[in-house]
*Asks:* 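The structure's right below; bear with me while I get my questions together.
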Amino acid sequence: MREQLLLFCNWSTLGVCAALKLPQIAAVLAARSARGISLPSLLLELAGFLVFLRYQCYYEYPLLTYLEYPVLIAQDALLLLCVFHFNGNVKGAAPYLAVFVASWFVLPLQKWIIDLAMNLSTFISTASKFAQLQYLWKTRDSGAVSALTWSLASYTCATRIITTLMTTSDLTRGKYLDGPKKNLANSLGCFPLPS
């Protein structure tokens, strides 16, 4: 039973993550606007994903416990380019992408760097969700934000709590523990706010 639960959680997470950002990207492309999407939130999320993937690789965790991260990073990078494109400044993405690529090589230089970055990733993840909620509240306009993407993210955070505890028991990876609540709050924030 335990093995089947682990297999289900791993594969369903991978399946959902393969398409996680696609509703968001489709909404942005359909609206031809990045209205409602917080750039700081997206950059923080991308940074958190990068740190988490690098940590997993560094400590050689089982591939199935983090295989979705390369896909999520690629989808976030595409979304980042869409945001810059619809804000009229695609070249503005270049410095951010350069920093992300450079950090891939800097993070594993010393064990303390990767450990510190991983411990900060919970804060980064929280800051990302808070930045998006704050932006939605400030503008009172969800624009092209996809509630489906945020709802799916809640599911994947919940399944990753299960797989992390069952596979590694590494509570450093506890960034998932608050994830379902934060992602659900953001999915609710996608609906129009009363004036």
Side-chain angles (χ1 to χ4, degrees), residues 13-57 66-107 117 120-121 123-157 175 179 182-193 195:
T13 298
L14 291 175
V16 168
C17 285
L20 183 67
K21 296 291 181 163
L22 297 182
Q24 182 63 72
I25 294 167
V28 167
L29 292 174
R32 303 194 51 73
S33 167
R35 200 179 84 243
I37 297 177
S38 165
L39 180 59
S41 172
L42 184 58
L43 292 169
L44 286 167
E45 180 179 66
L46 195 50
F49 286 167
L50 183 79
V51 166
F52 196 77
L53 176 62
R54 199 60 173 136
Y55 180 86
Q56 302 300 311
C57 294
Y66 65 91
L67 190 57
E68 71 271 17
Y69 279 88
V71 175
L72 291 172
I73 289 169
Q75 290 176 23
D76 260 2
L78 180 59
L79 184 58
L80 182 67
L81 290 173
C82 287
V83 168
F84 275 100
H85 171 73
F86 289 116
N87 288 342
N89 185 14
V90 175
K91 291 178 184 174
Y96 296 108
L97 294 176
V99 168
F100 288 131
V101 169
S103 66
W104 178 261
F105 297 101
V106 171
L107 285 170
L120 291 174
S121 76
F123 172 74
I124 292 168
S125 175
T126 301
S128 167
K129 306 305 185 259
F130 180 72
Q132 183 60 49
L133 275 174
Q134 184 181 33
Y135 188 76
L136 288 171
W137 185 259
K138 183 177 125 188
T139 62
R140 295 197 173 278
D141 180 9
S142 59
V145 178
S146 169
L148 178 59
T149 293
W150 287 102
S151 300
L152 291 172
S154 296
Y155 172 78
T156 62
C157 283
K175 77 178 228 174
K182 292 181 282 193
N183 286 320
L184 188 57
N186 277 337
S187 66
L188 294 173
C190 294
F191 296 102
L193 296 169
S195 300

*Asks:* Between Tyr69 and Phe52, does the ring centroid distance fall short of 6.0 Å?
*Replies:* yes
*Asks:* Drop me the distance from Leu152's CG to Cys157's SG, to the nearest 0.5 angstrom.
*Replies:*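 The CG atom of Leu152 sits 11.0 Å away from the SG atom of Cys157.
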*Asks:* Using the ring pair (Phe, Tyr, Trp, His ring centres under 6.0 Å) rule, collect all pairs that involve residues 83-103, keeping only residues at least two apart or in two chains.
*Replies:* Phe84-Tyr96
*Asks:* What are the two closest non-hydrogen atoms of Leu29 and Cys82, and how far apart are they?
*Replies:* CD2-SG, 4.0 Å
*Asks:* Quick one: SG on Cys17 to OH on Tyr66, what's the gap to the nearest 0.5 Å?
*Replies:*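 Those atoms lie 15.0 Å apart.
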*Asks:* Can you name the closest pair of heavy atoms from Ala19 and Pro23 and give their distance?
*Replies:*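 Minimum heavy-atom separation between Ala19 and Pro23: O-CD, 3.1 Å.
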*Asks:* Rounded to the nearest 0.5 Å, what separation is found between the CG atom of Leu42 and the CD1 atom of Ile37?
*Replies:* 7.5 Å
*Asks:* Ala131 and Ser38: which non-hydrogen atoms are nearest, and at how many Å?
*Replies:*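 Smallest interatomic distance, heavy atoms only, reads O-OG, 3.8 Å.
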*Asks:* A side-chain contact here means heavy atoms from C-beta on lying under 4.5 Å apart; do Leu80 and Leu97 qualify?
*Replies:* yes
*Asks:* Looking only at heavy atoms, what is the nearest atom pair of Gly48 and Ile124, with distance?
*Replies:* N-CG2, 3.9 Å
*Asks:* Is there a donor-acceptor pair closer than 3.5 Å between any side-chain N or O of Glu68 and the backbone N or O of Leu14?
*Replies:* no
*Asks:* Which heavy atom in Asn87 sits nearest to a heavy atom in Ala34, and how many Å separate them?
*Replies:* OD1-CB, 4.3 Å
*Asks:* Run the numbers on Phe130 and Ser125 for side chain to side chain contact (heavy atoms under 4.5 Å, CB included), then give the verdict.
*Replies:* CA-CA 9 Å; Phe130 180 72; Ser125 175; over 6 Å; no
*Asks:* Using a 4.5 Å cut-off on heavy atoms from C-beta on, say whether the side chain of Leu107 contacts that of Tyr55.
*Replies:*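 Side chain of Tyr55 against side chain of Leu107, heavy atoms only: no contact under 4.5 Å found.
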*Asks:* Return the CG to CG distance between Leu72 and Leu20, rounded to the nearest 0.5 Å.
*Replies:*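 One gets 5.5 Å once the value is rounded to the nearest 0.5 Å.
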*Asks:* Measuring only between side-chain heavy atoms, which start at C-beta, is Ser33 closer than 4.5 Å to Val28?
*Replies:* no
*Asks:* Please collect all salt bridge (charged side-chain N to carboxylate O under 4.0 Å, His left out) contacts where either partner lies in residues 13-31, sequence neighbours excluded, each pair once.
*Replies:* Lys21-Glu45, Lys21-Asp76
*Asks:* Who passes side chain to side chain contact (heavy atoms under 4.5 Å, CB included) against Ala77, sequence neighbours left out?
*Replies:* none
*Asks:* Could you name each residue pair satisfying salt bridge (charged side-chain N to carboxylate O under 4.0 Å, His left out) that touches residues 80-92, not counting sequence neighbours?
*Replies:* none
*Asks:* For Thr149, which residues count as a side chain to side chain donor-acceptor pair (under 3.5 Å) partner, sequence neighbours excluded?
*Replies:*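 Expected list: Ser146.
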*Asks:* Could you measure the distance from the OG1 atom of Thr13 to the OH atom of Tyr155? Nearest 0.5 Å is fine.
*Replies:*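 Here the rounded value is 5.5 Å.
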*Asks:* Rounded at 0.5 Å granularity, tell me how far CH2 in Trp137 sits from CD in Gln132.
*Replies:*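 Answer rounded to 0.5 Å: 14.5 Å.
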*Asks:* Could you report the tightest heavy-atom contact between Ala153 and Thr156, atom names first, then the distance?
*Replies:*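 Looking at all heavy atoms of both residues, the closest pair is O-OG1, 3.0 Å.
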*Asks:* Please enumerate all residues that pass side chain to side chain contact (heavy atoms under 4.5 Å, CB included) together with Val71, with sequence neighbours excluded.
*Replies:* Gln75
